[in-house]
There are 2 protein chains.
Amino acid sequence: MSPGSSLSDSLEDYLEAIFHIEQAKQAARAKDIAGRMKVSGSSVTGALQALARRKLINYSPYDLVTLTEKGREVAGDVVRRHDVLRRFFVDVLDADSREAEKGACRMEHALPRGIMERLISFVEYLSAGRKGEGRRLVEDFKHYYERTNKKKTD
Amino acid sequence: MSPGSSLSDSLEDYLEAIFHIEQAKQAARAKDIAGRMKVSGSSVTGALQALARRKLINYSPYDLVTLTEKGREVAGDVVRRHDVLRRFFVDVLDADSREAEKGACRMEHALPRGIMERLISFVEYLSAGRKGEGRRLVEDFKHYYERTNKKKTD
DNA sequence: TTATTTTATTAGGCGAGGCTAATTTTCTTT
DNA sequence: AAAGAAAATTAGCCTCGCCTAATAAAATAA
């Protein structure tokens, strides 16, 4: 736990992007980050400098980027927040996949730890058990929602 | 529906504050807004000018502030997003009340419409019925969470 | 009504985070 | 190895949103 720094939403996004690129190909080039985030190269440079100052990435000018141990922890945390939100939206609320992804992207930065933990537990609880209470309730809600909202969804 | 403008998080916060102050005392003074939002008076002036430009508030220098029809719609929407999040956190996830409030404050700006609608429906569904599936599941989850997280909560 | 206090606005500054254009470094060809 | 292409960095500018200090307007007291 390193509650010291407190990253901006923007830097969290960069960290998250680096995390994913690293998983796909060992290390990230500034180009990849820019492409994924739809941001100019110079913005990436600025962000990399900020992240390096905070010791969250291994970086020196013109070099490839990798996460430090600390950086990987923080990035992993962001990814976890993102994923639990997306899963909740899709698997429980049965929301549109694209909207869920977009929502998760924006909300991930604001989800407090304690609530994230509960949400993870909640989604697990509802998804667990082939025919447990959870799964059934999710199904029932799906029907309830479609029944009570006979507008655009159908 | 006025999806035209797209307010910043900050302006949404101001609108929300004005909404609540207006409910409590007819109209809002800049002072009240500053106090509630813990922001300087000059910041309030700037925000009021921006909101007035967008026709979301009735305002002229040194005057009291009220919401326009459009402003009330937008503010109401923000409040609705805030409230459904808080209720979900407290009533369903059984999160700490303070943390729920804080989380709702930050996440309210990012909650997409379609997901908000589903979430409202979901919370209603779980809370409805004196002894329906919903209420019981919430209770069961509460116990599940406490059982599987024998750490800080107890 | 004039003086005092309170409230609001303006002026000017700061940092974050984005952009484009110009420049530098590195990589790839030939 | 030298030339050209590609990638990264710097320089310089912009918008937001906040701040403090200084000023102006309004409200309250004397």
Side-chain angles (χ1 to χ4, degrees), chain A residues 4-18 21-22 24-67 71 74-75 78 105-106 108-110, chain B residues 4-18 21-22 24-54 56-67 71 74-75 78 105-110:
Chain A
S5 32
S6 175
L7 280 186
S8 68
D9 292 1
S10 171
L11 290 185
E12 280 193 357
D13 283 335
Y14 281 100
L15 221 47
E16 196 181 9
I18 294 166
I21 294 169
E22 213 188 41
K25 42 182 294 199
Q26 313 294 357
R29 287 178 311 164
K31 190 73 180 319
D32 301 328
I33 301 168
R36 174 183 248 266
M37 296 186 63
K38 306 213 176 162
V39 129
S40 79
S42 64
S43 298
V44 174
T45 300
L48 294 182
Q49 292 168 346
L51 292 172
R53 257 190 281 110
R54 284 159 226 245
K55 310 271 194 230
L56 295 170
I57 60 174
N58 302 117
Y59 164 77
S60 54
Y62 298 99
D63 203 12
L64 293 174
V65 179
T66 54
L67 295 170
V74 177
V78 178
C105 268
R106 293 208 46 197
E108 68 191 13
H109 304 296
Chain B
S5 32
S6 173
L7 279 187
S8 68
D9 292 1
S10 171
L11 290 185
E12 280 193 358
D13 283 335
Y14 281 100
L15 221 46
E16 196 181 9
I18 293 165
I21 294 168
E22 212 188 43
K25 42 183 293 200
Q26 313 294 357
R29 286 177 313 162
K31 189 75 181 315
D32 302 328
I33 300 169
R36 172 182 251 264
M37 296 186 63
K38 311 234 179 132
V39 130
S40 78
S42 64
S43 298
V44 174
T45 300
L48 294 182
Q49 290 168 346
L51 291 171
R53 257 190 280 109
R54 285 158 227 246
L56 296 170
I57 59 174
N58 302 116
Y59 163 76
S60 54
Y62 299 98
D63 203 12
L64 294 174
V65 179
T66 54
L67 295 169
V74 177
V78 178
C105 269
R106 293 208 47 196
M107 295 176 78
E108 69 191 12
H109 304 294

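Protein chains get the first letters and strands the later ones, always in sequence-line order, with residue 1 at the start of each. Bear in mind that the values here come from a model prediction, so they are computed numbers and not experimental data.
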What is the separation between atom CZ on R54(A) and atom C1' on dG17(C), rounded to the nearest whole Å? 12 Å
Separation of M37(B) atom CE from dA8(C) atom P, in whole Å? 15 Å
Which nucleotide sits closest to the side chain of S43(A): dC18(D), dA8(D), dG18(C)? dG18(C)
Could you tell me whether S8(A) contacts a base, only the sugar-phosphate backbone, or nothing, with contacts defined as non-hydrogen atoms closer than 4.0 Å? sugar-phosphate
With respect to the phosphate group of dA8(C), does any side-chain polar atom (N or O) of Y59(B) fall under 4.0 Å of OP1 or OP2? no
Can you tell me how far P of dA7(D) sits from CZ of R36(A), to the nearest Å? 18 Å
Can you name the closest pair of heavy atoms from L67(A) and E22(A) and give their distance? N-OE2, 2.8 Å
OP1, OP2 of dA16(C) versus side-chain N and O of Y14(A): anything below 4.0 Å? no
Smallest heavy-atom separation, I57(A) atom then A52(A) atom, equals CG1-N, 3.7 Å
Between K38(B) (NZ) and dT20(D) (P), how many Å, whole number? 15 Å
When you compare the side chains of S8(A) and S10(A), does any donor N or O come within less than 3.5 Å of an acceptor on the partner? no
Atom-to-atom span, CG of L51(B) to P of dT9(C) - whole angstrom: 13 Å
Distance, rounded to the nearest Å, where K31(B) contributes NZ and dT7(C) contributes P: 4 Å
Taking 4.0 Å as the cut-off, does a side-chain nitrogen or oxygen of S42(B) come that near to OP1 or OP2 on dT9(C)? no
Nucleotide nearest Y62(A) when distance is taken to its side chain, options dG18(C), dT25(C), dA26(D): dT25(C)
Roughly, in whole Å, what's the span from CD1 in I33(A) to P in dA8(D)? 9 Å
Any base atoms under 4.0 Å from G41(A), or only sugar-phosphate, or nothing? Heavy atoms, all strands. base
dG18(C) phosphate, OP1 or OP2, under 4.0 Å from S40(A) side-chain N/O: no
Less than 4.0 angstrom between a side-chain N/O of Q49(B) and OP1 or OP2 of dT9(C), yes or no? no
Nucleotide dA8(D), atom C1' - distance to CG of L48(A) in whole Å: 10 Å
Under 4.0 Å between a side-chain N or O of R29(B) and OP1 or OP2 of dA8(C)? no
Check whether any side-chain N or O of S10(A) sits under 4.0 Å from OP1 or OP2 of dG18(C), and answer yes or no. yes
What nucleotide among dC18(D), dA8(C), dT9(C) has an atom nearest to a side-chain atom of P61(B)? dT9(C)
Apply side-chain contact (heavy atoms from CB on, under 4.5 Å) to the pair L48(A) and Y14(A), showing each step before the final yes or no. CA-CA 8 Å; L48(A) 294 182; Y14(A) 281 100; 5.8 Å; no
Categorize V44(A) for me: base, sugar-phosphate, or nothing, with a 4.0 angstrom heavy-atom threshold over every strand shown. nothing
Apply the test side-chain contact (heavy atoms from CB on, under 4.5 Å) to residues Q26(A) and L64(A): give CA-CA distance (whole Å), side-chain angles for both, the deciding distance (0.1 Å), then the verdict. CA-CA 10 Å; Q26(A) 313 294 357; L64(A) 293 174; over 6 Å; no
Can you find a donor-acceptor N/O pair under 3.5 angstrom joining the side chain of T45(B) to the base of dT10(C)? no
On a heavy-atom basis, which atom in A27(A) and which in I21(A) lie closest, and how many Å separate them? O-CG2, 4.1 Å
